[in-house]
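The block underneath contains the structure these notes are about, expressed in structure tokens.
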There are 2 protein chains.
Amino acid sequence: MTTAPPSPRVLPHPTREEIRLDSVLHALSDPVRMRIVSELADAEAALSCSRFDLPVTKSTTTHHFRVLRESGVIQQVYEGTAKMNGLRREDLDALFPGLLDALLTAARRQAARDARA
Amino acid sequence: MTTAPPSPRVLPHPTREEIRLDSVLHALSDPVRMRIVSELADAEAALSCSRFDLPVTKSTTTHHFRVLRESGVIQQVYEGTAKMNGLRREDLDALFPGLLDALLTAARRQAARDARA
DNA sequence: CGACTCGTACGATAGCCGTCGTAGTACGTG
DNA sequence: CACGTACTACGACGGCTATCGTACGAGTCG
């Protein structure tokens, strides 16, 4: 048969216009996901999922990455066995200028406060 | 008896140091609450709960205002029968500089996009 | 092919959350 | 005191969510 393969090797992303502020804020309201985004912003490049040392299991990690992708915060592309994750900075900056930087700065401040405690 | 009255006429607020980014983002990830905060920012003054025309019942309204207060986004003070709500702009700006303005701008943009649809 | 790594899918569970209705309290006014 | 207004408290319900474990698929390397 010439039917398409059942495994979706390409992952669904929202278009720029489909990204909603509500969803972005909800995605970033989880500490684990905010941490992922912060590391991604520091890296300035796409990282594979396994490059993150998160305090949750692999299943949960997959879940968090999916939430970030479906909310439009990150972009995910398969590269061999690895799945590379990149921040959708251009889209976010175009939709909500200054928001991403303000959020990243806020996250850094919160992390500094937590470390001081 | 000289015991304190059982009804808490003064409402519990988090101190500035207790305000957490996670909670703020979670509070603002609900469209109804973001709308409240936007109107509060536009008003530049404290407003009573009944000044808002929200698409939910009064019970739910009370719930949303409590979430905003407990996350440290707004301040609530009784004034007769009314409860006045004010944005905690000073505290938020001190903790997360630029974040509130970026969020309000983003909310305006999202609202404009929604209206265009 | 076989083994290994990376990530997914699915099911389960426990907890939180947004919503409502109803009943009730606090305050002001007649 | 009686009444109306503003808001709350409580319980309920449905839905979402963060978490896990286990089992599986897709790719790479020997």
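Heavy-atom basis, side chains included; hydrogens, waters and symmetry copies ignored. Everything numeric here is computed off the predicted structure, so don't read it as measured data.
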message: For A:His26 and A:Lys58, find the nucleotide of DNA chain D closest to each by heavy atoms; which residue's nucleotide sits nearer the 5' end?
response: A:His26

statement: Per nearest nucleotide of DNA chain D, the residue lying toward the 5' end, A:Val67 or A:Thr81, is A:Val67

query: With respect to the side chain of A:Asp30, which nucleotide from C:dG7, D:dC7, D:dA18 is positioned closest?
result: D:dA18

- prompt: Of the candidate nucleotides D:dC7, D:dT19, C:dG18, which contains the atom at the shortest distance from the side chain of A:His63?
  reply: D:dT19

Taking atom [atom2] of [N] as reference, at what distance in whole Å does atom [atom1] of [X] sit?
X       : N      : atom1 : atom2 : result
B:Leu47 : D:dA6  : CG    : P     : 15 Å
A:Gln76 : D:dA26 : CD    : P     : 18 Å
B:Leu68 : C:dG18 : CG    : P     : 10 Å
A:Met84 : D:dG27 : CE    : C1'   : 15 Å
B:Glu70 : C:dC16 : CD    : P     : 13 Å
A:Tyr78 : D:dG27 : OH    : P     : 9 Å
A:Ile36 : C:dG7  : CD1   : P     : 12 Å
A:Arg66 : D:dA18 : CZ    : C1'   : 12 Å

- request: Looking at every strand, decide which applies to B:Thr61 at a 4.0 Å heavy-atom threshold: base, sugar-phosphate, or nothing.
  value: nothing

- request: Select base, sugar-phosphate, or nothing to describe what A:Arg33 touches, counting heavy atoms under 4.0 Å on all strands.
  value: sugar-phosphate

query: Got a donor-acceptor pair under 3.5 Å from the side chain of B:Ser59 to the base of C:dG21?
result: yes

- prompt: Would you say the side-chain atoms of A:Gln76 and A:Arg69 include a donor-acceptor pair closer than 3.5 Å?
  reply: yes

Does [X] put a side-chain nitrogen or oxygen below 4.0 Å from OP1 or OP2 of [N]?
X       : N      : value
B:Ser50 : D:dC7  : yes
A:Thr62 : C:dG7  : no
A:Thr57 : D:dC20 : yes
A:His64 : D:dT19 : yes

field: Side-chain ion pair, B:Asp42 and B:Arg108, N-O less than 4.0 Å
entry: yes

message: Between B:Arg20 and A:Asp114, does any NZ, NE, NH1 or NH2 come within less than 4.0 Å of an OD or OE carboxylate oxygen?
response: yes

message: Closer than 3.5 angstrom, by distance alone: can the side chain of B:Thr60 be matched with the main-chain N or O of B:Val56 as a donor-acceptor pair?
response: no

query: Looking at side-chain heavy atoms only, is the closest gap between A:Leu28 and A:Val37 below 4.5 Å?
result: yes

